[in-house]
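Excluded from the calculations below are hydrogen atoms, water molecules and symmetry mates; all remaining heavy atoms, backbone and side chain alike, are included. Model, not experiment: these values are computed from the prediction.
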Amino acid sequence: MIDMTLGKQLWASLKALLVFTLVLGIAYPLVISALARVLPANSDGSMIVSSGRVVGSSLLGQAATQPQWFQARPSASEYSGDTSGGSNWGPNAPELAQLIADREQTLRAANPGAPQGPIPADALTASGSGLDPHISPAYAAWQAPRIASANGLSMDQVQDLIRAHTQHPWLGFIGTDRVNVTELNVALEALVR
């Protein structure tokens with residue numbers, strides 16, 4: 001009696017293993033691979049191409065230190081995907097307060113024509129991953145005087161560029177307005193060429 005029950009359970013287990021292997025090990029990967037071919041921009045890393053060469057991914061932030069380019073959010077990992085992550089400092093950590101003060105001083109020195117009010121928070125704080133490719137439209141606008149001056153553009157041209165590259169919340173309410181810095185810099189390069 002025990003052997004018969006054990007045999008039934010073993011046979012049921014083997015059938016389940018076979019079904020799950022076929023469904024999850026073969027069918028599911030084939031379906032996902034087929035979808036990836038239908039949506040190649042998303043499945044190939046969301047690469048941004050400029051003048052026939054890949055300049056980055058719309059999913060990853062990049063450091064831009066020269067004055068003619070829009071700057072991304074600070075990164076605790078220096079935009080390195082293999083060490084992605086934040087500093088894990090809490091809002092009351094003295095190290096974070098000092099880092100924010102240092103960043104503010106550096107940004108004010110590099111952006112003498114920027115508005116004198118408070119600097120947008122995303123300019124001073126790193127994202128959780130350290131790889132965020134987006135900044136707020138407020139931070140992009142805060143950088144606009146430096147961008148206009150460094151590239152010989154009018155403020156209206158720079159502001160129009162920012163508006164044209166502002167992405168709005170998905171479905172109108174999921175997320176916030178944001179600007180992809182890499183895409184914005186590619187468009188800026190095309191404008192000044």
Side-chain angles (χ1 to χ4, degrees), residues 32-86 103 106-115 119-172 174-193:
I32 295 301
S33 295
L35 286 174
R37 293 299 102 207
V38 172
L39 305 167
N42 294 332
S43 63
D44 289 339
S46 301
M47 298 298 171
I48 299 171
V49 179
S50 176
S51 302
R53 64 182 177 92
V54 174
V55 295
S57 169
S58 64
L59 302 175
L60 299 172
Q62 296 180 2
T65 56
Q66 297 171 323
Q68 70 267 29
W69 304 117
F70 284 94
Q71 295 176 351
R73 290 184 74 169
S75 173
S77 66
E78 299 303 319
Y79 307 98
S80 174
D82 59 348
T83 58
S84 170
R103 287 176 180 159
T106 301
L107 283 171
R108 290 209 187 274
N111 294 274
I119 297 174
D122 58 323
L124 302 171
T125 57
S127 67
S129 69
L131 303 174
D132 190 357
H134 297 98
I135 59 174
S136 66
Y139 182 29
W142 190 85
Q143 297 180 68
R146 172 179 47 82
I147 299 299
S149 175
N151 289 294
L153 300 171
S154 71
M155 279 294 290
D156 286 340
Q157 287 176 297
V158 175
Q159 290 168 344
D160 287 345
L161 192 65
I162 293 168
R163 274 191 293 280
H165 286 84
T166 298
Q167 301 167 355
H168 301 289
W170 187 59
L171 298 177
I174 298 175
T176 60
D177 284 351
R178 63 205 177 282
V179 180
N180 186 299
V181 178
T182 306
E183 292 174 356
L184 183 61
N185 281 333
V186 167
L188 176 63
E189 181 182 28
L191 182 64
V192 296
R193 262 196 248 163

* Asked: Step by step, would you call Val181 with Tyr139 a side-chain contact (heavy atoms from CB on, under 4.5 Å)?
  -> CA-CA 11 Å; Val181 178; Tyr139 182 29; over 6 Å; no

Kindly compute the distance separating [atom1] ([X]) from [atom2] ([Y]), expressed to the nearest 0.5 Å.
X	Y	atom1	atom2	value
His134	His165	NE2	NE2	11.5 Å
Asn180	Gln167	CG	CD	6.0 Å
Ile48	Thr182	CD1	OG1	5.0 Å

* **Under 3.5 Å: donor-acceptor pair, side chain of Arg178, backbone of Thr176** =>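 Yes; at least one donor-acceptor contact below 3.5 Å.
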
* Taking Asp122 for the side chain and Ile135 for the main chain, is one N or O donor matched with an acceptor at less than 3.5 Å? -> no

* Return the set of residues passing side chain to side chain contact (heavy atoms under 4.5 Å, CB included) with Thr166 (not counting sequence neighbours), or none when no residue passes. => Pro137, Ile162, His168, Asp177, Val179

* Step by step, would you call Asp160 with Arg163 a side-chain contact (heavy atoms from CB on, under 4.5 Å)? -> CA-CA 5 Å; Asp160 287 345; Arg163 274 191 293 280; 2.5 Å; yes

* Looking at Ala123 and Ile119, what are the two nearest heavy atoms and their distance? ->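 Scanning both residues, the minimum pair turns out to be CB-CG2, 3.5 Å.
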
* **Residue pair Leu161, Leu153: steps toward the side-chain contact (heavy atoms from CB on, under 4.5 Å) verdict** => CA-CA 11 Å; Leu161 192 65; Leu153 300 171; 5.8 Å; no

* Within-4.5 Å side-chain heavy-atom neighbours: Glu189 and Ser51 ->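 Glu189 vs Ser51: side chains apart.
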
* **Residue pair Val158 / Phe70, side-chain heavy-atom distance below 4.5 Å** => yes

N/O donor-acceptor pairs under 3.5 Å from side chains in residues 143-152, not counting sequence neighbours:
{"residue": "Gln143", "atom": "OE1", "partner": "Gln71", "partner atom": "N", "Å": "2.7"}
{"residue": "Gln143", "atom": "OE1", "partner": "Arg146", "partner atom": "NH2", "Å": "2.5"}
{"residue": "Gln143", "atom": "NE2", "partner": "Gln71", "partner atom": "O", "Å": "3.2"}
{"residue": "Arg146", "atom": "NE", "partner": "Asn111", "partner atom": "OD1", "Å": "2.5"}
{"residue": "Arg146", "atom": "NH1", "partner": "Pro67", "partner atom": "O", "Å": "2.7"}
{"residue": "Arg146", "atom": "NH1", "partner": "Trp69", "partner atom": "O", "Å": "2.9"}
{"residue": "Asn151", "atom": "ND2", "partner": "Gln68", "partner atom": "O", "Å": "2.9"}
{"residue": "Asn151", "atom": "ND2", "partner": "Ile147", "partner atom": "O", "Å": "3.0"}

